[in-house]
Amino acid sequence: MKLVMKFGGTSVATGERTRKVAELIERYRSEGHQIVSVVSALDGVTEDLLGAADRSQLGDGPYKDDFVAALLERHLKVAGAAMSDPEVLRRTNEDLLRKSDELRKVLTGIAYVREVTPRSRDTIVSFGERLSTPILAGALVSRGISATFLTGGEAGILTDANFGEARPLKGVTYPELEKRLSSLLAEHVLPVVAGFTGQTQEGVVTTLGRGGSDYTATLVGAAISADEVWIWTDVDGLMTCDPRIIPESAVLPELSFQEAVEMIVFGAKAMHPRALEPAMEASIPVRIKNTLNPEGPGTLITKELRVRARSPVKAMTIAKGVAVVTISGAGIVGVPGTAAKVFEVLGRNGINIMMISQSVSEANISFVIRNSVLEKAVNALEISLLGGGLIREVSSEDEVCVVSVVGAGVKDTPGVAARVFSAVASRGVNVRMIAQGSSEMGLSVVVKEADSRAAIEAIHKEFELSRA
Ligand code: ADP
Ligand code: ASP
Ligand code: MG
């Protein structure tokens with residue numbers, strides 16, 4: 001089979017783990033599979049780089065030298081433990097040194113001009129993947145496998161210039177990825193592609209958005225017509241809930257693309273919201289597996305949609321860092337086009353709406369957006385809508401979260417909403433807003449963040465989700 005295997009930051013966080021990843025790749029390759037690997041930055045490095053970019057902007061000179069030295073030391077240590085061939089290690093170390101030098105120069109520039117732009121931030125943050133790929137490639141070469149590493153841009157991922165959330169230009173990206181990666185595969189060279197990163201058609205580095213390495217993997221999969229995309233991580237698969245919140249969460253053996261997308265959009269597994277889109281469009285199955293338990297069956301995501309008889313709810317998610325905005329005024333009811341105007345204003349400002357609900361009796365519309373765009377949204381709405389007499393007030397509430405239940409059939413099965421409400425009410429939690437999910441595979445409620453744990457525990461229990 002032709003397989004794309006993506007390894008997340010935790011899977012390559014230490015030298016020992018990277019060695020294990022190389023062993024896994026070697027094993028599947030010796031079984032006759034053709035493999036393209038995609039790798040994330042070492043666990044925590046993306047976050048650290050974002051912090052360094054912000055701090056350098058304050059002109060903090062000594063800090064950046066210490067930061068780069070510590071980053072280099074961590075990568076040298078991982079490389080030293082990941083590969084045993086001294087010559088390969090020497091070459092890898094040289095590469096790591098060269099790149100950390102380059103990073104120091106970029107941070108110095110930022111410290112001088114005291115400004116980090118979305119464009120320079122992408123260059124800085126791309127070093128996470130630029131430093132992890134040579135280590136995995138070295139670990140493979142050290143085992144006698146012919147491997148080479150590429151940035152996303154070098155592999156063929158070409159994007160628009162929307163730095164921080166760049167969109168791949170599929171029309172050029174797919175043929176480029178296909179051309180470059182297939183010719184490496186034809187020469188029996190295993191490509192190690194840096195996840196998350198791309199470049200504009202002018203060659204400027206971009207990133208796809210947080211959790212973007214999974215997106216890179218499915219883009220590669222669609223481009224080379226892979227048989228499957230395997231996403232290796234640190235849990236046994238996609239689970240009924242975030243295992244850090246509900247330890248009894250169970251692994252979901254199989255799921256449809258629509259259900260998985262609904263889960264991801266509402267916060268499961270920190271994946272990029274569009275991460276499954278290329279695989280879904282090309283009908284390429286996606287497996288989620290655990291590097292620390294490779295024999296486990298994992299989760300298989302396919303286009304097959306199965307409504308479960310026992311209970312349509314298969315999983316639940318929680319999205320934090322969101323806010324509810326409510327627009328009230330007489331113009332909301334009975335005046336055609338007011339809602340359209342609201343959404344037009346938000347759309348024009350690039351603000352993504354996660355959930356909408358309208359209350360006729362109270363003459364208001366509420367919607368949920370990310371906290372990070374709250375101020376921008378409220379300002380834009382006030383400027384465009386207040387003063388005409390139709391809208392009385394734009395108010396907002398943060399410190400809330402969206403708790404969703406997901407599963408094919410949730411929409412059509414009577415009683416799901418009632419069960420969600422009574423489970424939540426039994427713990428004394430007040431529901432502030434309710435709406436059908438974006439793809440009709442789910443149902444979401446907004447509760448205060450302080451109540452989220454009680455709400456999640458109650459719903460997980462009500463639908464007996466610990467028995468996946
Ligand atoms: P990676 O580094 O492999 O990309 P991430 O940290 O991005 O891994 O995502 C894996 C983590 O997502 C898991 O360790 C788990 O704690 C968390 N997670 C949250 N919700 C879910 C879920 N429903 N199923 C599986 N994992 C989840
Ligand atoms: N390293 C990037 C991030 O932390 C991409 C990824 O891990 O998927 O967001
Ligand atoms: Mg991730």
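Along the sequence shown, residues carry numbers from 1. Each ligand, and each atom within it, is numbered from 1 in the order the structure gives. Keep in mind it's a predicted model, so treat the numbers as computed, not measured.
- Within 6.0 Å of atom CD in Glu31, more than 12 heavy atoms from other residues, nucleotides or ligands are found, so the atom counts as buried in its surroundings.
- Between Pro278 and Tyr215 there is a side-chain heavy-atom pair separated by less than 4.5 Å.
- Set against the non-hydrogen atoms of Met263, the atoms of ligand 1 under 4.0 Å away are 23 (N).
- Among the atoms of Thr233, some N or O lies under 3.5 angstrom from an N or O of ligand 1.
- The number of heavy atoms from other shown groups lying within 6.0 Å of CZ (Arg104) is above 12.
- Each of the atoms 13 (C), 14 (O), 25 (C), 26 (N) of ligand 1 lies under 4.0 Å from some heavy atom of Val235.
- Within 6.0 Å of atom CD in Glu73, 12 or fewer heavy atoms from other residues, nucleotides or ligands are found, so the atom counts as exposed in its surroundings.
- The nearest heavy-atom contact from the protein to atom 21 (C) of ligand 1 is Lys269 N, 3.6 Å.
- Contacts between Lys6 and ligand 1 below 4.0 angstrom, taking non-hydrogen atoms only, involve the side chain exclusively.
- Under the 4.5 Å side-chain criterion, counting only non-hydrogen atoms from C-beta, Val78 is in contact with Leu42.
- Of all protein heavy atoms, the one lying nearest to atom 17 (C) of ligand 1 is Arg244 NH2, 3.4 Å.
- At least one heavy atom of Gly211 lies less than 4.0 angstrom from ligand 2.
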Which is it for Ser120 and Thr123 under the side-chain hydrogen bond (donor to acceptor under 3.5 Å, both in side chains) test, yes or no, and what are the steps along the way?
CA-CA 5 Å; Ser120 53; Thr123 297; over 6 Å; no

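- Residue Met239 places at least one N or O, backbone or side chain, under 3.5 Å from an N or O of ligand 1.
- If you number the atoms of ligand 2 from 1 as listed, the ones under 4.0 Å from a heavy atom of Ser40 come out as 6 (C), 7 (O), 8 (O).
- Look at Gly9 and you'll find every heavy atom at least 4.0 Å from all atoms of ligand 2.
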Salt bridge (Lys or Arg N to Asp or Glu O under 4.0 Å) between Arg210 and Glu47, intermediate numbers included
CA-CA 10 Å; Arg210 295 306 305 273; Glu47 213 60 50; 3.1 Å; yes

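- Using a 4.0 Å cutoff on heavy atoms, Ser11 does not count as a contact of ligand 1.
- Nearest protein neighbour of atom 13 (C) of ligand 1, counting heavy atoms only, is Asp234 OD1, 3.5 Å.
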With salt bridge (Lys or Arg N to Asp or Glu O under 4.0 Å) as the criterion, how do Glu399 and Arg432 come out once you've worked through the C-alpha distance, each side chain's angles and the decisive distance to 0.1 Å?
CA-CA 12 Å; Glu399 293 179 1; Arg432 317 187 75 77; over 6 Å; no

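- Taking only nitrogen or oxygen atoms, main chain and side chain alike, Thr46 reaches within less than 3.5 Å of ligand 2.
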Let me see the working for Glu176 and Lys179 under salt bridge (Lys or Arg N to Asp or Glu O under 4.0 Å), right down to the final yes or no.
CA-CA 5 Å; Glu176 284 299 320; Lys179 189 173 78 195; 3.4 Å; yes

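- Close N/O approach between Asp214 and ligand 1 is not found [any backbone or side-chain N/O within under 3.5 Å].
- Using a 4.0 Å cut-off between charged side-chain N and carboxylate O, Lys99 and Asp95 make a salt bridge.
- For Thr10, heavy-atom contacts with ligand 1 shorter than 4.0 Å involve the backbone as well as the side chain.
- Close approach of ligand 1 to Leu238 is summarised as follows: ligand atoms under 4.0 Å from at least one heavy atom of the residue are 24 (N).
- Taking any N or O of Glu129, backbone or side chain, at least one lies under 3.5 Å from an N or O belonging to ligand 2.
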When you look at Val45 and His75, which way does the side-chain contact (heavy atoms from CB on, under 4.5 Å) test go after all the steps?
CA-CA 10 Å; Val45 167; His75 284 83; 4.0 Å; yes

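- Side-chain polar atoms of Asp122 and Thr207 form a donor-acceptor pair below 3.5 angstrom.
- At a heavy-atom distance under 4.0 Å, no atom of Met271 approaches ligand 1.
- In the candidate list Ser213, Ser132, Gly195, Gly128, Ser213 is nearest to atom 6 (C) of ligand 2, counting heavy atoms.
- For atom 6 (O) of ligand 1, no protein heavy-atom neighbour is found at a distance under 4.0 Å.
- Nearest to atom 25 (C) of ligand 1 by heavy-atom distance, out of Ala268, Ala250, Gly237, Gly212, is Gly237.
- Only the backbone of Cys241 comes within 4.0 Å of ligand 1, judged by heavy-atom distances.
- Residues Leu238 and Lys269 are in side-chain contact: their nearest non-hydrogen atoms beyond the backbone lie under 4.5 Å apart.
- Using a 4.0 Å cut-off to heavy atoms of Arg210, the atoms of ligand 2 that qualify are 3 (C), 4 (O), 9 (O).
- Between Ser100 and Leu71, every side-chain heavy-atom pair lies at or beyond the 4.5 Å cut-off.
- Between Gly9 and ligand 1, at least one N/O pair is under 3.5 Å apart.
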